[in-house]
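Each chain gets a letter, A, B and so on, in the order the sequences are listed, and its residues count up from 1.
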Amino acid sequence: MKIMNCPLNGPRNISEFVWGGEVKPMPDETKLSDREWAEYVFLENNTAGVVREWWCHVPTSYWFIAERNTITDEIVKTYPASEVFKSRVDFAGAKP
Amino acid sequence: MTAEMNWGGTNRLPNRGALIDRSRPVTFSFEGSLVEGFEGDTIASALCANGQWMISRSFKYHRPRGVLTMIGQDANTLVQIGDEPNCLADKRRIAPGLVVEGQNYFGSFDSDAGRFVEWVSKFLPVGFYYKTFHEKRSSWRFWEPIVRAMAGLGKIDPHAHHGYFDKQYLFADVAVIGGGPAGLAAAAEAAKAGGEVLLIDENPKLGGCLNYARFDESGEAACKADGELLNAVKAAGNIRVMSDAVVTGLFADNWIPVVRGNRFYKLRAKAIVVATGSIEQPAVFRNNDLPGIMLGSAAQRLIHLYGVRPGKRAVILTANDDGYAQAIDLLKIGSAVATVVDLRADPPQTALSKAVARAGITVHAGSAIAEAYHHGNKEHVVGVAVAPVAGEGQLSDPTASYECDLVLMSVGYSPAAHLLLQAGAKFAYSTASHMFEPREIPAGLYAAGSVAGQFNLDQVAAGGRRAGWAAARHAGGTVGAEPAEVSDPGAAQQTHPWPIFPHAKGGEFVDFDEDLKYDDLINGIADGFDNVELLKRYSTVGMGPSQGKHSAVAAVRIVARETGRDLAALTVTTQRPPYTPEKFGHLAGRIFDPERRTAMHHRHLELGAQMMPAGIWWRPAYYGPKAEREKAIREEVNAVRNDVALIDVSTLGGLDVRGPDAAEFLNRMYTFTYAKLAVGKSRYVLMTDQAGVITDDGVACRFSEEHFYVTATTSGVDAVYRSMLQWNAQWRLDVDVANVTAAYAGVNIAGPKSRQVLQRLCQDIDLSAEAFPYLGVREGTVAGIPARLLRVGFVGELGYEIHVPYGYGEALWDAVVEAGQPEGIRPFGVEAQRVLRLEKGHIIVSQDTDGLTNAWEADMPWALAKTKPFFVGGRSTQIMAKMPLLRKLVGFTLDDPALPCPEECHLVIKGGEIVGRVTSAVNSPSLGKVVGMAYVHPADAAPDSKIQIKIDGGRMIEGRVVKLPFYDPEGKRQEM
Amino acid sequence: MLPAFLPTGLLKYGFLKKYPAFRYIPKATELKQHYDVVIIGGGGHALATAYYLARNHGITNVCILERGYLAGGNTARNTAIIRSNYLTPEGVKFYEESLRLYRDLSQDLDFNILYSERGHFTLAHTDAAMRTSRWRAEVNKHLGVNSELIYPDEIARLCPSLNMSDDVRYPILGALYHPPGSIARHDAVAWGYAARAAQMGVEIHQQTPVTGLIIQNGKVKGVETPRGAIGAGQVLQAVAGMTSVVAKMAGFKLPIRTIPLQACVSVPLKPFLDQIIVSGSLHVYVSQSSRGELVMGGSTDPYGLYSTRSTLDFKEGLLGHMLELLPMLGEVKILRQWAGMADMTPDFSPIMGLTPVENYYIDSGWGTWGFKATPVCGKTMAYTIANNAPHELIKPFSYERFLTYSQVGEKGAASVGH
Amino acid sequence: MALPKVFAHNQLRRSPIYRETQKAGAFPEVVNGGAVPMHYGSVESDTLVGARMGIADLSVLPHTGFKGAGTIEWLQGQGLSIGPDSNMAFRQEGGELAARLAPSEIFLIDSLAATGALIQKLNGAWGWGTEKPRKLIGYPMPRQDSHAWFMVTGSAAPEMFAKICGVDLRPHKFKLGQIAQTSLAKMSGIVIRGDLGQVPAYHLLADIASAEYLWGAVLDAMGEFNGRPVGLAALRQLAEG
């Protein structure tokens with residue numbers, strides 16, 4: 001059983017977590033063609049190597065980010081999502 | 001001999017047997033006859049003590065098999081014990097009344113009809129089943145049952161039920177696996193750093209080989225080392241010893257399963273010392289599988305651990321000093337040693353070999369056993385032929401033959417490296433020691449003792465100390481100076497490079513489990529399977545119950561030679577967990593399967609509800625006996641339509657969405673718009689994923705500017721909650737989302753008379769249609785309980801959903817039931833609710849939608865906001881709008897009253913093609929006709945279009961598309 | 001009648017002095033400068049494609065490049081279940097053709113793949129599972145595939161070993177019964193294809209990884225290997241478990257996540273379970289092999305990984321559920337566990353055919369359902385390569401379907417690894 | 001033999017496992033509008049058992065929670081002392097525990113005296129502000145009803161937990177007041193170490209809808225230590241030492 005070091009709860013068995021897949025920041029949909037949008041929705045890098053991923057600690061429903069090597073399964077580091085998503089996101093037309 | 005001596009078998013030795021307690025006789029049965037042994041005996045030792053040498057029948061040829069290792073590393077002693085098949089007789093200790101039976105025989109154990117297979121064995125070459133039986137399709141149909149019937153070993157008891165197994169987590173700073181000299185030294189040294197040390201050993205007594213092996217003529221060396229090492233372990237206060245405990249694997253981040261009794265431990269250690277020792281390897285010669293032929297270490301175990309005489313007259317085949325030690329062991333118990341056959345051309349003169357010479361025992365140097373002899377039934381070895389070694393694997397004609405009832409094989413070892421290999425360690429074959437040796441070991445893992453190629457006792461102890469020291473340091477302990485290394489001249493003399501001697505008449509077993517002979521491997525290679533892994537799959541070498549512990553190395557050697565490849569470049573086949581077989585029961589343990597019950601759960605049971613699972617919740621399907629299902633559902637529906645009834649809706653998901661951005665957040669998560677939803681009002685919510693697929697629905701209730709209470713489907717809410725949190729981790733809106741599903745119990749009181757019932761319980765809310773209209777939401781008290789009230793229309797009648805804190809749920813239920821007596825209120829279940837909502841044309845996500853349904857197919861464009869800049873799945877939904885619609889969800893009815901109601905998932909057919917399916921259908925009690933929803937071809941989606949439905953028996957019936965809802969289209973009743 | 005069945009093929013082994021070896025897998029030769037078709041990957045699909053290229057289309061200047069040993073990837077690691085009871089018409093037609101080819105494959109290849117009809121039961125423990133089972137049964141029947149939704153009494157009659165009691169957490173409400181469901185010796189399928197393809201001139205090179213692709217203005221020209229570059233007219237990638245990595249060399253991404261799928265076997269037992277039992281709700285499936293081993297598996301691992309390491313929690317979860325279905329197995333023992341790498345697609349259907357690169361073809365997205373498709377993949381991919389146009393049966397499985405929102409939803413029929 | 005005078009089903013607020021404790025022979029008293037088992041026949045024997053291996057149902061005792069931006073500041077403003085570390089529980093003057101589940105989330109459980117004073121005060125004090133823009137003070141959480149509350153006591157408790165929980169809860173590894181939000185018998189739960197005098201003891205807070213399941217799983221795990229349910233009175237005795 002792997003150990004995942006949760007930024008909130010510390011090292012835990014990885015069975016306490018769910019995998020959220022690769023961090024794939026959403027592009028500005030107003031600037032994409034239909035096909036480009038479909039590519040964003042469906043295509044995966046599926047990288048063999050170190051990947052930045054979403055993980056959620058189930059007992060606390062806490063989402064964070066882990067950098068994991070998908071060949072060795074080594075978890076390189078983990079940190080709060082706020083270190084990547086630093087500021088409020090608004091969409092054109094939406095009032096803040 | 002005294003009476004006590006006589007007990008426990010005629011082969012029982014006086015004054016020996018470290019593991020048995022002669023004061024405690026034990027009687028058990030084997031194949032129906034009673035056997036006497038002592039407490040501490042294994043089944044095998046007790047049987048040997050009583051002269052029962054054949055313990056099992058081999059897998060393919062049903063040859064008699066006996067003790068090989070006496071430590072459970074082989075499959076020669078597999079027996080059946082009650083409902084436990086494939087039990088290792090040389091590991092399992094006897095108990096009073098234990099009923100032991102042989103396995104894998106036809107007719108009787110002693111004269112097994114299955115032996116015929118060997119008579120025709122020359123017609124059954126390696127992989128024969130690939131080469132024939134397929135002349136016609138029917139050929140294999142004929143032969144397969146015959147082949148299949150021969151398969152397998154132990155039997156299943158179809159009526160058995162698994163016993164009580166459980167699990168426990170363990171934690172340690174340093175775990176030491178193996179309680180032999182290396183493990184003892186490692187534990188003692190690691191303990192000095194003060195951390196928690198866990199010493200795990202598979203035997204009942206610590207000490208490993210020190211309990212049976214001989215390192216000098218007098219045998220004192222072992223005793224001395226044993227004493228010192230054990231004392232050091234006992235002296236340390238921080239070493240926990242687990243005996244009789246088997247480590248079956250080594251998984252990521254030092255995660256270790258340990259089996260002891262009926263408990264399965266899972267150990268997490270900061271550092272691990274693997275001191276699992278090595279596995280003595282058999283020699284390959286004709287009839288090397290006969291009972292009475294065993295590993296030298298097996299004989300020593302019988303003598304010293306169990307006080308059992310392995311034989312009266314022995315021939316010892318050796319290639320190292322251990323064979324001479326075994327000769328001395330045999331002499332000391334008064335057995336004769338006919339000869340020592342040494343594979344080495346000129347064995348080094350050692351203290352032990354000199355002692356053997358002094359005893360006047362002939363030594364055949366540079367010789368091997370050409371074949372072993374037996375009587376007709378093959379039940380025991382009776383003699384051997386000895387021949388000089390002429391070259392690698394080649395023998396000259398035999399020069400001598402000896403009668404004997406015991407043959408010991410002591411020709412070398414292979415590291416018990418399974419755990420290290422599982423953990424990713426790299427081993428390579430050393431042409432110096434002729435063994436695989438560790439080259440690369442992952443951080444936090446340390447190897448000591450013979451698994452690491454250390455054999456000399458001083459070197460083993462030093463290796464243990466060094467590994468224990470390194471482990472303690474890795475675990476963060478404060479350690480002193482690194483213990484010194486001791487070099488070992490001996491290791492190179494332990495293992496012979498080629499103890500394999502094919503015979504013209506065959507019968508030289510390389511793999512005992514699978515009855516594979518030398519030629520089978522040679523021929524497999526000749527067939528083109530010249531890679532170790534391919535040969536394993538083609539010949540099945542190493543695939544038996546002992547997973548190649550005695551055949552893998554021989555197989556690699558043979559492949560290397562046959563293909564002219566360098567042994568050092570080859571590895572044994574992948575070592576997969578478990579190291580020794582684990583019971584299903586161990587792995588299952590206590591089966592933890594959490595379930596959720598609503599506050600009213602027991603009330604439903606008291607009312608005779610049939611419960612059904614909904615996610616991990618239990619919900620009442622309907623109330624009444626199974627036999628009266630239809631009647632019960634119909635009556636429950638009628639109660640809602642005509643009077644009043646209540647349903648437990650506690651399992652409905654509930655989310656509190658609060659904060660300045662609450663409305664904006666819902667706008668992004670759902671397809672509708674919520675910014676302008678008035679306080680005190682509710683609105684439908686529909687959720688789609690990034691691909692525009694419908695994933696959930698519910699209602700959003702606005703209790704204040706900044707507070708929405710959003711419902712979600714029972715099985716969907718956890719995913720909805722999780723995705724909300726994940727999205728807002730990216731958006732950073734000023735909103736807080738809380739999953740309060742379990743915190744609120746919910747009751748929906750529905751029916752034309754629901755208002756008058758509720759009025760009796762609710763004073764502080766004006767329930768009148770004007771003050772509290774349809775789709776309104778209020779907060780107040782019901783029966784003195786703080787409550788959230790929702791006027792929702794899922795079932796299409798006047799109704800109130802009452803949400804109260806869980807702790808009050810049962811009291812609320814009791815109060816409503818009580819208050820509704822005058823109206824004859826009754827409970828209704830999920831089945832009736834499904835009928836009611838279908839009559840109203842409401843979809844159930846995941847029943848009326850599937851993994852690909854989008855809002856256009858579900859015909860819900862009305863739920864899509866036109867003006868919002870964004871919602872999850874919005875762009876994909878727009879893209880799909882431009883594409884041809886392939887199916888559409890519609891309501892339908894059957895005009896011909898004689899037609900049966902279609903089942904859910906009956907197909908909708910157009911021009912012979914499948915265009916859709918019925919998602920819901922019911923013979924509506926309220927409308928007196930069949931109504932349903934189905935996916936149809938878009939061309940047939942308009943009201944009054946005809947559709948063809950294929951029902952049971954392939955019959956086609958005609959349905960007519962009708963506008964939804966079926967019941968009360970104007971919605972007057974729910975808005976009363 | 002009986003003589004017809006006598007395994008006369010075995011007589012020679014008994015009577016000949018010297019073992020009459022037949023080299024099924026040819027010795028490796030030198031690589032040529034150029035092949036008409038280079039196939040990346042030496043698993044069942046690749047070997048089958050080579051076989052049908054040679055047999056059906058006369059294309060024999062073909063070279064198979066396997067980075068490890070022959071059929072040592074998922075072909076060696078799957079649990080050998082064959083069935084066609086899928087959910088979508090596209091899927092059902094495709095797998096039914098595979099089943100048809102499998103039935104005669106031993107004769108076709110003159111190599112016994114130990115094909116054995118056992119009957120396949122997909123147990124339903126919930127309403128939703130019952131609906132999906134009926135849906136599959138109805139689609140199957142409409143397309144002439146033998147499937148039926150059956151109820152507990154009949155299940156009990158057909159598989160007496162199952163625990164049918166009502167007082168368990170997930171009582172069995174019904175099952176999708178698919179009599180043609182079969183098992184076969186997975187390795188033998190690959191070996192048989194290899195042997196016959198080789199006899200027709202196909203070259204098989206083991207221990208030869210492809211390290212790069214030679215692509216000129218959108219057209220594949222060859223591949224690079226540690227043994228040198230090779231020219232190729234056409235190139236097929238059939239590398240389950242490494243699909244995205246190889247596709248990346250060709251310069252395109254796929255809707256695939258690579259996730260381990262684990263399995264295990266028990267110590268051999270006397271035959272007692274003749275059927276293939278699958279439970280989606282309990283995430284388990286089990287059948288008993290011709291060796292007497294129980295072959296068991298479940299759903300894919302909880303997260304993506306390019307590794308075939310085993311985990312303990314897989315076994316713990318699997319056997320907990322196994323004992324709910326077959327409570328008499330508590331004392332039975334696990335012998336060996338292993339893992340393969342499954343290329344999971346969003347709709348649980350494969351991705352086959354042409355790619356954005358000219359003359360470069362893909363056979364991928366085989367998730368947990370690759371073995372059962374081996375013959376039909378070989379046949380249709382061979383056709384696709386020979387005609388540079390997708391075979392009718394695989395048109396629905398094109399890479400393009402995702403970019404045009406026209407997926408083929410098989411999740412309901414394929415979500416448990418079987 | 002005396003019989004109980006108070007019955008859980010006569011109260012508005014009911015513990016999710018009141019049937020279980022009733023079967024076990026609980027003698028309840030009314031606390032916080034519900035019935036809490038005070039003892040199971042004899043406080044003395046409960047106390048002896050509790051020192052070795054016991055479990056108590058405190059679900060009806062007052063507990064609540066607050067979360068969201070501004071929570072900690074607001075609670076501190078209300079006089080609570082809350083330390084900087086998440087996953088630590090901070091003892092208040094009245095013996096209540098403020099369990100900091102996350103930087104801006106508090107789960108508040110009452111003391112064994114169960115006066116409910118602090119919790120009533122806070123529940124009363126919280127309200128949406130009228131100022132614009134509204135000052136962020138976090139949001140109340142319905143913890144009283146989202147979570148069942150058990151207390152597991154006794155010298156064998158750590159080893160019992162090792163049978164259902166993968167986190168090392170042994171006293172020398174899991175300090176007083178430390179919190180583990182983790183998986184117990186395959187369900188999510190919160191464990192807070194809160195010894196009773198010298199006796200190791202742990203608060204166990206978990207999904208109220210799975211309370212009967214968890215109660216059963218813990219009793220099963222307690223079996224080998226001869227554990228059984230004990231009443232609130234015994235906990236108070238042990239706390240006094």
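- A distance of 5.5 Å separates CG of C:L323 from CD1 of B:I591, quoted to the nearest 0.5 Å.
- For the pair B:E582/C:K315, a side-chain contact is recorded, criterion being any heavy-atom separation below 4.5 Å from C-beta on.
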* Let me see the working for B:T132 and C:N112 under side chain to side chain contact (heavy atoms under 4.5 Å, CB included), right down to the final yes or no. => CA-CA 6 Å; B:T132 184; C:N112 191 351; over 6 Å; no
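- Of the possible polar contacts, one joining the C:R169 side chain to the B:D593 backbone as a donor-acceptor pair under 3.5 Å is found.
- Sparse packing is recorded around NZ of B:K626, with 12 or fewer heavy atoms of other residues, nucleotides or ligands lying under 6.0 Å away.
- A donor and an acceptor atom, one from each side chain of C:Y19 and B:D527, are located under 3.5 Å apart.
- In this structure, chain C has no heavy atom under 4.5 Å from any part of B:L886.
- Side chain of B:H162 to backbone of C:E324: no donor-acceptor contact under 3.5 angstrom is found.
- In this structure, C:R291 contributes its side chain and B:A151 its backbone to no donor-acceptor pair below 3.5 Å.
- Contact annotation for B:F251: only side-chain heavy atoms (C-beta onward) come within less than 4.5 Å of a heavy atom of chain C.
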* To do: Would you please test C:F111 and B:Y130 for ring-ring contact (aromatic ring centres under 6.0 Å, His included) and show each step?
  => CA-CA 6 Å; C:F111 195 88; B:Y130 302 130; 5.5 Å; yes
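- The aromatic rings of B:F529 and C:Y24 lie tilted to each other, with the angle between the two planes from 30° to 60°.
- The closest side-chain heavy-atom distance from C:L16 to B:K122 is not below 4.5 Å.
- A donor-acceptor contact shorter than 3.5 Å links the side chain of C:K333 to the backbone of B:P85.
- Between the B:N86 side chain and the C:P268 main chain, a donor and an acceptor come within less than 3.5 Å of each other.
- Under the 3.5 Å distance criterion, the side-chain polar atoms of C:K270 are matched with a main-chain donor or acceptor of B:G152.
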